[in-house]
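Each chain gets a letter, A, B and so on, in the order the sequences are listed, and its residues count up from 1.
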Protein chains: 2
Amino acid sequence: MGKALWWCLVLTCLLAPLPGDGLKMNLQNYCESWRMNVELHNIREFQVVPEECTEYIGKYVTSTQYKVDSQRTTEECLVYLSTSCNLKKDGFDAWIFDIDDTLLSTLPYYEDNLYGGRKLSVTSLEEWMKKGNAPALDHSLKLYNELKSRGVQILLVTSRKEHLRSATIDNLVAVGYYGWTKIIFRDPANELVSVKKYKSDVRKKIINDGYRIWGILGDQYSSIEGIPSPERAFKLPNPMYYVA
Amino acid sequence: MGKALWWCLVLTCLLAPLPGDGLKMNLQNYCESWRMNVELHNIREFQVVPEECTEYIGKYVTSTQYKVDSQRTTEECLVYLSTSCNLKKDGFDAWIFDIDDTLLSTLPYYEDNLYGGRKLSVTSLEEWMKKGNAPALDHSLKLYNELKSRGVQILLVTSRKEHLRSATIDNLVAVGYYGWTKIIFRDPANELVSVKKYKSDVRKKIINDGYRIWGILGDQYSSIEGIPSPERAFKLPNPMYYVA
């Protein structure tokens, strides 16, 4: 084969588009698309953050961007409350909050567990929760206090189990959350159904008790989806784990 | 006031935290949090992209990241189809596609309209649609063909109006989409209800006709939310406009 032809072949290979869609994707593109599709609820039931993306996810959840994204979510709750909710102020206007990564941050735990890159050990997570050292998410605390000051009843619905009750309450109060109307933990009878079903059933009881659920703030789709629906649901970002 | 005291005051001001949450946010943080909260469906019914973010949004929708994000969404459709759908192959397995910014891209139009920063003129958008020059979204075309090859019936449900029928069909075929089972346009009787209601009503009819809707791919929550629900819905990113 002549040298010219050989060089021609090499050049053709170098200049040819990539196989597939010809999309030149780098690791950051890949991890960002993973994260975005988790938030869009297109990727579901993942057990761990993909190994090659734990660094990317770690950077995000410890960034200013994560805080700004979350702050915007809580600000939208207030916009909605001020523009679209006709509060009756009869003691039955209610708002539901999830606890983990909604009111309290589990980030210190996940920092020691590859930001979701290690398969969840319930025992070790509960050990950590029992210490009661979870920090508040500042923007959530601000929303919590604003709702309280507007006379909205605050209902905390968590998938933490009953045996974590006192540690959780101590933790909440220590970082500034108090004055809620109800706090509901998962009892052992509920542990066989999905969190989505458990939380939906709790909402049914709450509505039967006469409350109007104006909104929910949660970081998991299982906290905000399912029937009965609230008037509006707000989803905080959380790419570290998935609760079904 | 002594010079030392004066300098002490200056230093105190310089070192003091920012007011509010002390969050040092720049324009990029702000625009990214706007985009993220649009995709999370926390921000709804926006009329235009905020003026200060049109450049940021323009950069995103013309980036590799937008393509990679969208590609990942369509790949997740196939993962779901291969792992969770027990197709009966009796001619009633169905998949619903939205058209604009799902199968066809309106990006060339929005490039001339500040990427969503200009309030929508239905007349000018429809003029553009009539030309039939909208390009295909490559990853969606790939999914479309894959579904077709697996014997899934393809149903196109669009909020484009009847008078755009022939231009739309010409456009679809020209870029590679053909072999669908039904294509449903909005007739004038439907124009008074929301797109979400119109699309839900269409799904009701489709189910009454005996189809099993395994999934929907759309870029708007109004294409995928509402009762009856499909088994799964997949949301493509689209921060340029909101359809209620």
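Heavy atoms from other residues, nucleotides or ligands lying under 6.0 Å from CD of A:E55 number 12 at most. Residue-environment remark: CG (B:N26) exceeds the threshold of 12 foreign heavy atoms within 6.0 Å. Annotation: B:Q28, atom CD; neighbour count of heavy atoms from other residues, nucleotides and ligands within 6.0 Å does not exceed 12. Surrounding CG of A:N86 are at most 12 heavy atoms belonging to other residues, nucleotides or ligands under 6.0 Å away. For CZ of A:F46, the number of neighbouring non-hydrogen atoms (other residues, nucleotides, ligands) closer than 6.0 Å is greater than 12.
A search for ring pair (Phe, Tyr, Trp, His ring centres under 6.0 Å) contacts involving B:Y110 returns B:Y241, not counting sequence neighbours. Under the rule for a salt bridge (charged side-chain N to carboxylate O under 4.0 Å, His left out), A:K204 has no partner lying at least two apart in sequence or in another chain. Residues that satisfy the salt bridge (charged side-chain N to carboxylate O under 4.0 Å, His left out) test with A:D98, not counting sequence neighbours, are A:K199.
In this structure the side chain of B:K67 never reaches within 4.5 angstrom of the side chain of A:M25, judged on heavy atoms. You'll find the side chain of B:E39 stays beyond 4.5 Å of the side chain of A:E39, heavy atoms only.
With a 4.5 Å cut-off on non-hydrogen atoms, B:E75 does not touch chain A at all. Contact annotation for B:E76: only side-chain heavy atoms (C-beta onward) come within less than 4.5 Å of a heavy atom of chain A. For A:N29, the parts sitting under 4.5 Å from any heavy atom of chain B are the backbone and the side chain alike.
Among the residues in residues 57-65 of chain A, those with a non-hydrogen atom closer than 4.5 angstrom to a non-hydrogen atom of chain B are A:T64, A:Q65.
Taking every heavy atom of both residues into account, B:N37 and A:D69 meet most closely at ND2-O, 3.1 Å.
Rounded to the nearest 0.5 angstrom, B:I43 CD1 and A:R72 CZ are separated by 4.0 Å. Once rounded to the nearest 0.5 Å, the distance linking CG of A:L40 with NE2 of B:H41 reads 11.5 Å. In this structure, CD1 in A:I227 is found 7.0 Å from OG in B:S229, a value given to the nearest 0.5 Å.
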* To do: Mind running side-chain contact (heavy atoms from CB on, under 4.5 Å) on B:E32 and A:V68 for me, showing each step along the way?
  => CA-CA 9 Å; B:E32 171 59 18; A:V68 174; over 6 Å; no
